[in-house]
4 protein chains.
Amino acid sequence: MPKKIRLGILGGGGDSLIGVLHRVASFINDNYQITGAVFNPDFEVNKAFAEEVDVPLNRIYKDFDTLITEEMKLPKEERIQVCSVLTPNFLHFPMAKKLLDNGFHVICEKPMTTTLEEAKVLQQAHEKAGTVFALTHTYTGYPMVRQMREMIKAGVLGKIHKVDARYYQGWINTIIHDKEKRNSVWRLDPKKAGISSCMGDIGVHAFNMVEYTTGLQVKSVLCDFNYLYEDNQMDVDGTVLIRMGAHVKGVIRGSQVATGEENGLAIAIYGEKGAFRWEQEKPNFLYKMSDTEPTQVYKPGHPYNSKLSLDGTKLPAGHPEGIFDSMANIYLGVAKAIRGEKYNNGEFPTMTDGVRGMDFIEATVKSHKDGNTWVTLED
Amino acid sequence: MPKKIRLGILGGGGDSLIGVLHRVASFINDNYQITGAVFNPDFEVNKAFAEEVDVPLNRIYKDFDTLITEEMKLPKEERIQVCSVLTPNFLHFPMAKKLLDNGFHVICEKPMTTTLEEAKVLQQAHEKAGTVFALTHTYTGYPMVRQMREMIKAGVLGKIHKVDARYYQGWINTIIHDKEKRNSVWRLDPKKAGISSCMGDIGVHAFNMVEYTTGLQVKSVLCDFNYLYEDNQMDVDGTVLIRMGAHVKGVIRGSQVATGEENGLAIAIYGEKGAFRWEQEKPNFLYKMSDTEPTQVYKPGHPYNSKLSLDGTKLPAGHPEGIFDSMANIYLGVAKAIRGEKYNNGEFPTMTDGVRGMDFIEATVKSHKDGNTWVTLED
Amino acid sequence: MPKKIRLGILGGGGDSLIGVLHRVASFINDNYQITGAVFNPDFEVNKAFAEEVDVPLNRIYKDFDTLITEEMKLPKEERIQVCSVLTPNFLHFPMAKKLLDNGFHVICEKPMTTTLEEAKVLQQAHEKAGTVFALTHTYTGYPMVRQMREMIKAGVLGKIHKVDARYYQGWINTIIHDKEKRNSVWRLDPKKAGISSCMGDIGVHAFNMVEYTTGLQVKSVLCDFNYLYEDNQMDVDGTVLIRMGAHVKGVIRGSQVATGEENGLAIAIYGEKGAFRWEQEKPNFLYKMSDTEPTQVYKPGHPYNSKLSLDGTKLPAGHPEGIFDSMANIYLGVAKAIRGEKYNNGEFPTMTDGVRGMDFIEATVKSHKDGNTWVTLED
Amino acid sequence: MPKKIRLGILGGGGDSLIGVLHRVASFINDNYQITGAVFNPDFEVNKAFAEEVDVPLNRIYKDFDTLITEEMKLPKEERIQVCSVLTPNFLHFPMAKKLLDNGFHVICEKPMTTTLEEAKVLQQAHEKAGTVFALTHTYTGYPMVRQMREMIKAGVLGKIHKVDARYYQGWINTIIHDKEKRNSVWRLDPKKAGISSCMGDIGVHAFNMVEYTTGLQVKSVLCDFNYLYEDNQMDVDGTVLIRMGAHVKGVIRGSQVATGEENGLAIAIYGEKGAFRWEQEKPNFLYKMSDTEPTQVYKPGHPYNSKLSLDGTKLPAGHPEGIFDSMANIYLGVAKAIRGEKYNNGEFPTMTDGVRGMDFIEATVKSHKDGNTWVTLED
């Protein structure tokens, strides 16, 4: 395995969810070393957090500009190679641009910028820089999403003629129906959150999924939003008719008021010879449909999958996504116990579980060997 | 957040799956620092792997005994605090015992030992040591498994009267039906793999799940194994009748020849007032059943869950388990690109995706504002 | 139970699927007696079919006009009371109108007419007649669809703000991609099939479902069709944006080229306080969602259901819809056997099954009573 | 189509569920005519019910013996050909025997007899009679159950090595936990209900399913029951280990206290080359599993199904089982309306629905043709 890549982090300190997600992701395949960071605009907070997550303090900077200045003084083989931009949306553009202009690789949270105009400027900066730029449309990382893409590319569906994608959430219900809340929350303030709430935050994921999996481009859109209340200025729901070429049509549906939905991203792609259906909340199940054959259920990790899909599977077939999290919870419980917090209340299996397990195994063997008799376990 | 815990690793080097799983799990909640290890019995391989995963070489030891000897020389505040034992099964007992005898905390892979007798010896060592000992029955780390346990403890099901658990896999089919394979593979050789294959490897997980969730003990068992072939000495399938108290009965079903099953661990618990059903392959869905009310579907991260369950959820409601893996795949693609490998073939979203996303968002807003007209995206 | 209603049938002879469906439906609740019919325009075929299905030949007429003339001569207490109109689409209007004008009740297949203009004329005839007119939007007969309607009426969802319905089929794929087929089949000929294929045939079911369940009216629509080929004149796919009132919006999606879909009618209704999801292919499962509580799964036949729903359930909770069909298959096998066709090849359980069943039951009792020993069954 | 078979009915009068089920099943494929009956031991009730369901009164008999005597006097071409025995369990044997002895065909409800001894006597009578005898293990009538059987017979799974079947219900919970109820209900009184409750009533269905689908015989059983209370004499739960031949093993699980379960009949069959999973509550979905290929989902009515399966499907692919029931509910509503009961409250679609449907279709066409503009529907 090659040497680790030096990673810088901008934002994502404290209990930021996106911060955890990026740090863990950078760790999982042993490719990155967090080398420097500006986790927080408050320098003290920044440093305290760096200690927590074991990033050397001498590479913790008081602000982004200082990070650039100081890192540029370092020899190239010590300098941060790639920066993850996890700051508030309006900072994505200036930070990413300056990083590119200085020759850094960039991993950028979504949305990439706040306007298309900025996006194009960034694109030019990227072309000039020639470094790597990645936007974290996370959902394209699922093994079964990749499998869809590769099978479509291989022509398994024939000519595609219809696409139907949705991203439904319900969480804005807890805000939108209360006049005071909806008039005060930053998410529904166009000045702070940009031109679009529902479409900008989640509809764009569905859009990206459509283009990623089909390999086709959306050519034009026709859209209807729902604001729910006269005094609300941001779309919280919308349906977008899309056209992707001659006789290739579809729909993208987004909602933040789809009551009870959590992260309901789903896609269906219909072609002359077959179709795919996939839902994010059951990401391991990819349905390949046909008018004449039984539906097939593809799952990760099997040799029948494409290389791109298998590259994204770390464990053998049948280990559920989420097993890392489950094991991490065991480690979390142990950490609490080692630190002397309350222990043995269901947070991890103990010695007793081990003894009982061995007792069980030996008892089953004895029962079978003795001709299927009852064998008593010890208390 | 407190200082990180010093973690030692025994085994789990190279492309060991269990090694990846433990390292990632130790990282996820920012509690551990891998401080020392014997990843591999071959010292050179051991050191090479340590470099890859960034463990300081001065704490990489040539074997387990050396690790103990050298670590014990260090002052307590520098010494490894807890060791993860990921070595072949027969080494779990001697290593865990020596670790406990020297005052270390231990995280031990399953099975804890190879016999019940060893298990009891280890239990005594543990009692004497007074340190933390955790056995990685990973599946009890799932938030919804914890939720079951807590709700049962709170009396939601009333008196439990029936339990039905299974762990079905199919992978031994690829070995067992070939005479040469089944007579040569170590997994089916009792000298190397212990007294039980199916029950020892996976049945015991179902057993642990039963006791973990119900809070009850299995009192006695009656078991029937299937060896499939006369010349096979290891159970590859078995059904265990269990008794858990007066009129509390159940069944544990295990198989390694359940064709097409992957990691089919599932449990159903029936009580006077309600019941639970849960399946590992869809770990986010917990079904609470009743004879008189609609079935309820519990999912992780909601405030209606218990503290123990919520402690095991790192992201807000509706983010699927597995999202870490998905993001990790994006980071993996970026790493390849930074290292100059082939790039932009679906491994991560690029600048182009970013520009198109902004184009999409602006186009939807324009379409809506212009009275639901078609708006063309740029190529 | 009151006396049976005298039912006349127009069309639906031979192996017409819609004919079977209506006859069985009329039988299931013991309310109807088929008293007269014009099953087929060919009088001989008509009479032969009447013999098969046991309708008295003296009330089998050579054509629809004769049926009206002759029935009107009969005293009211003998006359057909209600007629099911199962003829080709363009005959629905003239037949239904004449029936209403003569004081008959009418059960009419969908589409009611071929134009809105005809529909309004029929509506006037109906108002004048004062008899019962029913249109067979069959899917509103499902117990769980009725349950949705009643719960929404009772305010369970609060104010509705979004509706999403679809009806996806794939069967036209087998025609549309072949130029000769698509230019010759009557379904795609506007002269024979009316102004719309996808929306007229199935989209309208989704539309009806939306209005039936929500109790709201669709106020306006914006629609985009896909014809797939330049030389095809009928919509085979379409998406309809709908507005149902101030800030109540939604989408109806229809397709006959959604590859691999069968009868994919589904609806989701989102309100301030809750939401519903239902799919026709699993008609017994109604999902009631919430932002704060676990999803609830409603099923037919439980006392927690509304009267309207329970009125539509004939068997106790947990007997699946389709059990009638299953039992009917047993009866079908027996009929073949009685008629001397080949027998005992899996079409119905036989004496042998009965003996073995009793053997099994007695053996299980003996095994348990003898202390869980093995008991051998007879060959 | 041949002439209808003359069917007699014993029992099943009033609102008997099994009565409805058999009458509808006999009607569905147009093979039977109910010619005579003893619906009820009370002659007046019997006659009143016969009027309701249109069976000629001259063939309604005061008791079973009279039915036999009188029918035997009729010429063979008028005589009842087959009798459905729907009486209480203890009458199955004497009635079926006398019917067979007199040369009738018999359709008999389950359990066939109350003891194995009776079953064998009946078997001899059947062999002597040479008529058709069918036992209504209804679940073998499902198209997908038949598909399993035929594919297994064709060798698709290779050698079968494991079978796992269950039938779980929860309804006895409402009785068993109340001492007075459990000591008074006839279902738990061995004198009235026979030697077994759970295994006799539903376990035997699972047993039948196992033998029906695999084509193998259960050779021996080992069983453990749960009675739940000391004062209860009938099994309400049980697990049965089964052996079906050399190295072919399995388990049958039955329960009437599996809280919240409705009619949870399910089967999994594992063989060398593949496996099947099927659940009664979603009877249209048959899962064909493999260790190396994606799981396939078989559904009824497709040409890829076997003849036996297709013979049991009345409608084209994708029409859900249960559509008969749904349509029947529409007819039920219409009947109420014709009889002057309250009307237009959701029981069937009306003229208004028809007009609105046409309005919708025309509006969608207009919207599309006018360039995707909004079109208003009439109120």
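These numbers come from a predicted model, not from an experiment. Sequence lines set the chain letters: A, B, ... in the order given, protein chains first and strands last, and positions in each chain run from 1.
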Engineer: Taking the side chain as C-beta and beyond, is there a heavy-atom pair between A/V355 and B/L116 under 4.5 Å?
Structural biologist: yes
Engineer: At a heavy-atom distance under 4.5 Å, which candidate from A/E118, A/M199, A/Q81 has the highest pair count against chain B?
Structural biologist: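 Of the options given, most contacts go to A/M199.
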Engineer: Return the minimal non-hydrogen interatomic distance between B/E52 and A/K4, and the atom names on each side.
Structural biologist: O-CE, 3.3 Å
Engineer: Please classify the contact between B/L100 and chain A as side chain, backbone, both or neither, with a heavy-atom cut-off of under 4.5 Å.
Structural biologist: side chain
Engineer: Using non-hydrogen atoms only, which part of B/Q123 is less than 4.5 Å away from chain A: side chain, backbone, both, or neither?
Structural biologist: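 The answer is both parts of B/Q123.
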Engineer: Taking atom CZ of A/F27 and atom CG of B/D54, what is their separation to the nearest 0.5 Å?
Structural biologist: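 One finds 9.0 Å between CZ of A/F27 and CG of B/D54.
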Engineer: If we only count heavy atoms from C-beta on, is the A/H368 to B/D235 side-chain gap below 4.5 Å?
Structural biologist: no
Engineer: Please classify the contact between A/F285 and chain B as side chain, backbone, both or neither, with a heavy-atom cut-off of under 4.5 Å.
Structural biologist: side chain
Engineer: When only pairs under 4.5 Å are counted, which of A/E211, A/E127, A/E261 shares the most heavy-atom pairs with chain B?
Structural biologist: A/E211
Engineer: Please flag which part of B/H205 lies under 4.5 Å from any non-hydrogen atom of chain A: side chain, backbone, both or neither.
Structural biologist: neither
Engineer: Can you tell me which portion of A/H105 sits under 4.5 Å from chain B's heavy atoms? Options are side chain, backbone, both or neither.
Structural biologist: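 A/H105 touches chain B through side-chain heavy atoms alone.
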Engineer: With a 4.5 angstrom heavy-atom cut-off, which part of A/I252 approaches chain B: side chain, backbone, both or neither?
Structural biologist: side chain
Engineer: Just verifying a value: how many Å separate B/L21 CG and A/I28 CD1, rounded to the nearest 0.5 Å?
Structural biologist: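 B/L21 atom CG to A/I28 atom CD1 measures 10.0 Å (nearest 0.5 Å).
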Engineer: Below 4.5 Å from any heavy atom of chain B, which atoms of A/Q33 appear? Answer side chain, backbone, both or neither.
Structural biologist: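 It is the side chain, since no backbone atom gets that close.
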Engineer: For the candidates B/I242, B/T115, B/D311, B/T136, which exhibits the highest count of non-hydrogen atom pairs separated by less than 4.5 Å from chain A?
Structural biologist: B/T115
Engineer: Given heavy-atom pairs under 4.5 angstrom as the criterion, report whether the side chain, backbone, both or neither of B/T114 touches chain A.
Structural biologist: backbone
Engineer: Which region of B/I107, side chain (C-beta onward) or backbone (N, CA, C, O), has a non-hydrogen atom less than 4.5 Å from a non-hydrogen atom of chain A, or is it both or neither?
Structural biologist: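 B/I107 touches chain A through side-chain heavy atoms alone.
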Engineer: What option among B/K219, B/H22, B/R23 has the most heavy-atom pairs under 4.5 Å with chain A?
Structural biologist: B/H22
Engineer: Can you tell me which portion of A/K369 sits under 4.5 Å from chain B's heavy atoms? Options are side chain, backbone, both or neither.
Structural biologist: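 For A/K369, the contact with chain B is made by the side chain alone.
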Engineer: By a 4.5 Å heavy-atom criterion (distance strictly below it), what part of B/L7 contacts chain A: side chain, backbone, both, or neither?
Structural biologist: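 The side chain, not the backbone.
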Engineer: Count the heavy-atom pairs under 4.5 Å between each of A/V204, A/L135, A/T376, A/V221 and chain B, then report the option with the highest count.
Structural biologist: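 Looking at each option in turn, the highest pair count goes to A/V221.
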Engineer: Report the option among B/V82, B/V145, B/V24, B/V365 that has the most heavy-atom pairs separated by less than 4.5 Å from atoms of chain A.
Structural biologist: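 Top count of heavy-atom pairs under 4.5 Å with chain A: B/V24.
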Engineer: Heavy-atom distance under 4.5 Å to chain A: side chain of B/V240, backbone, both or neither?
Structural biologist: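 Contact with chain A is through the side chain of B/V240 alone.
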Engineer: Pick whichever of A/K110, A/E51, A/E378 has the most heavy-atom pairs under 4.5 Å with chain B.
Structural biologist: A/E378
Engineer: Atom OG1 in A/T364, atom CG in B/D224: separation rounded to 0.5 Å?
Structural biologist: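 The CG atom of B/D224 is 11.0 Å from OG1 of A/T364, to the nearest 0.5 Å.
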Engineer: Using non-hydrogen atoms and a 4.5 Å limit, figure out which bit of B/L122 sits close to chain A: side chain, backbone, both or neither.
Structural biologist: both
Engineer: Answer with side chain, backbone, both or neither: which region of A/T373 has an atom nearer than 4.5 Å to a non-hydrogen atom of chain B?
Structural biologist: backbone
Engineer: Of all the heavy-atom pairs spanning A/C223 and B/S367, show the shortest one and how long it is.
Structural biologist: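 Closest heavy-atom pair between A/C223 and B/S367: N-OG, 2.6 Å.
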Engineer: Quick one, A/K299 and B/E281 - any side-chain contact, counting heavy atoms below 4.5 Å?
Structural biologist: yes
Engineer: Given heavy-atom pairs under 4.5 angstrom as the criterion, report whether the side chain, backbone, both or neither of B/Q217 touches chain A.
Structural biologist: both
Engineer: Which one, B/G371, B/G200, B/G264, B/G215, leads in non-hydrogen pairs under 4.5 Å with chain A?
Structural biologist: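 That would be B/G200.
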